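Below: the structure, in structure tokens.
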Amino acid sequence: GVNMKRILSIVLCLCLLFPALALAEFDPAPLKSDPDIIVIPLPNSVDTVYRPVNQPYYGQVDEGFDGELVAYVEYITLVDADATVLRLMISTVSWDMPFNAPEIRLTVGKTSYTLAVTHEESEYDGIYMEDYAACLVGEGLNLLKSIAQQKKDDPIRVELLSEGNVVFSGQVIIPGAEAAAIYDRWIDLGGKQQDLSIFRDLWPVRITNK
């Protein structure tokens, strides 16, 4: 009894001392009311994606591979984690079989970012549609920053990796000014004020320089 009361009083004091910690939240309201943003409630989930209307960015598939490739850079509210983060999604279409890649690698200039991804697949009449998504947190934000800082909008190399092997590759242009605007808006709405430390292990990034 006594110890519990003491613990509760300490917790109460901490809450009074650090009210800002409890209030450091992302405000998605401006995204919801923006006509240039599509609000997409995710199926079978309480999470919500906010996607700029001018996406996807259409890519080109490298020679030797069959399929289609597009990219999205968007915001996603993860209700269970009480956070809104930036998300990169690469969507592919293939005809023979799905790629089933656990990682994607994007190369901006001389720097490559290898991201662990979640993978969703649907099939219709022998056509496989796959979404590979990674939340950009920690080092992952450097990927978006490096796209934003490109002097000109050069194609970004996109590779799907399975056991370290490239199973599909292509390139896509994500305009630097648009990447910068998406990142800056996330910051303005409270992105960096959230505690995202738990995500760093969930969304690991390997960075290599040529």
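Here the structure is a predicted model, which is why all the values come from computation and not from measurement.
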task = Check for a donor-acceptor pair, side chain of Gln194 on one end and backbone N or O of Gly191 on the other, with a separation under 3.5 Å.
result = yes
Determine, using the 4.5 Å side-chain heavy-atom cutoff (strictly less than), whether [X] and [Y] are members of one ILVMFWY cluster.
X	Y	result
Leu202	Tyr75	yes
Val46	Leu78	no
Val79	Tyr50	no
Tyr72	Val61	no
Ile207	Val108	yes

[atom1]/[X] to [atom2]/[Y] distance, rounded to the nearest 0.5 angstrom?
X	Y	atom1	atom2	value
Ile76	Ser45	CD1	OG	7.0 Å
Lys152	Ile173	NZ	CD1	10.5 Å
Leu88	Cys135	CG	SG	10.0 Å
Trp186	Leu144	CH2	CG	9.5 Å

Is any side-chain heavy atom of [Y] closer than 4.5 Å to one of [X]?
X	Y	value
Leu189	Pro28	no
Val49	Leu42	yes
Ile174	Val73	yes
Ile104	Leu106	yes
Asp82	Phe26	no
Leu69	Phe168	yes

remark   = For residues 160-175, the side-chain hydrogen bond (donor to acceptor under 3.5 Å, both in side chains) pairs (sequence neighbours left out) are Asp62-Ser169
query = How would you list all residue pairs meeting side-chain hydrogen bond (donor to acceptor under 3.5 Å, both in side chains) that involve residues 102-112, not counting sequence neighbours?
reply = Glu103-Arg206, Arg105-Glu159, Thr107-Ser112, Thr111-Asn209
ask   = Shortest non-hydrogen contact from Ala116 to Ala134?
value = O-CB, 3.6 Å
inquiry  = Just to verify, what does Lys151 make a salt bridge (Lys or Arg N to Asp or Glu O under 4.0 Å) with, not counting sequence neighbours?
reply    = none
Please enumerate all residues that pass side-chain hydrogen bond (donor to acceptor under 3.5 Å, both in side chains) together with [X], with sequence neighbours excluded.
X	value
Thr77	Thr84
Glu121	none
Ser33	none

Donor-acceptor contacts under 3.5 Å from residues 89-101 side chains, at least two apart:
unit_1, atom_1, unit_2, atom_2, d
Ser91, OG, Asp131, OD1, 2.6
Ser94, OG, Met97, O, 3.0

message = Tell me which pairs pass salt bridge (Lys or Arg N to Asp or Glu O under 4.0 Å) where either residue lies in residues 30-54, with sequence neighbours left out.
response = Asp34-Arg185, Arg51-Glu74
ask   = Step by step, would you call Leu160 with Val166 a side chain to side chain contact (heavy atoms under 4.5 Å, CB included)?
value = CA-CA 6 Å; Leu160 303 187; Val166 177; over 6 Å; no
key: Intermediate values then yes/no, side chain to side chain contact (heavy atoms under 4.5 Å, CB included), Leu143 and Leu115   = CA-CA 10 Å; Leu143 165 62; Leu115 309 163; 3.9 Å; yes
task = Could you please spell out the steps behind the side chain to side chain contact (heavy atoms under 4.5 Å, CB included) verdict for Leu136 and Val85?
result = CA-CA 7 Å; Leu136 302 178; Val85 294; over 6 Å; no
query = If you look only at pairs with a residue in residues 101-156, which of them pass as a ring pair (Phe, Tyr, Trp, His ring centres under 6.0 Å), with sequence neighbours excluded?
reply = His119-Tyr132
Under 3.5 Å donor-acceptor pairs involving side-chain atoms of residues 175-184, not counting sequence neighbours:
unit_1, atom_1, unit_2, atom_2, d
Glu178, OE1, Asn54, ND2, 3.0
Glu178, OE1, Tyr57, OH, 2.6
Glu178, OE2, Asn54, ND2, 3.4
Tyr183, OH, Lys192, NZ, 3.4

ask   = Step by step, would you call Val172 with Val70 a side chain to side chain contact (heavy atoms under 4.5 Å, CB included)?
value = CA-CA 7 Å; Val172 65; Val70 301; over 6 Å; no
ask   = Has Glu123 got more than 12 heavy atoms of other residues, nucleotides or ligands less than 6.0 Å from its CD?
value = yes
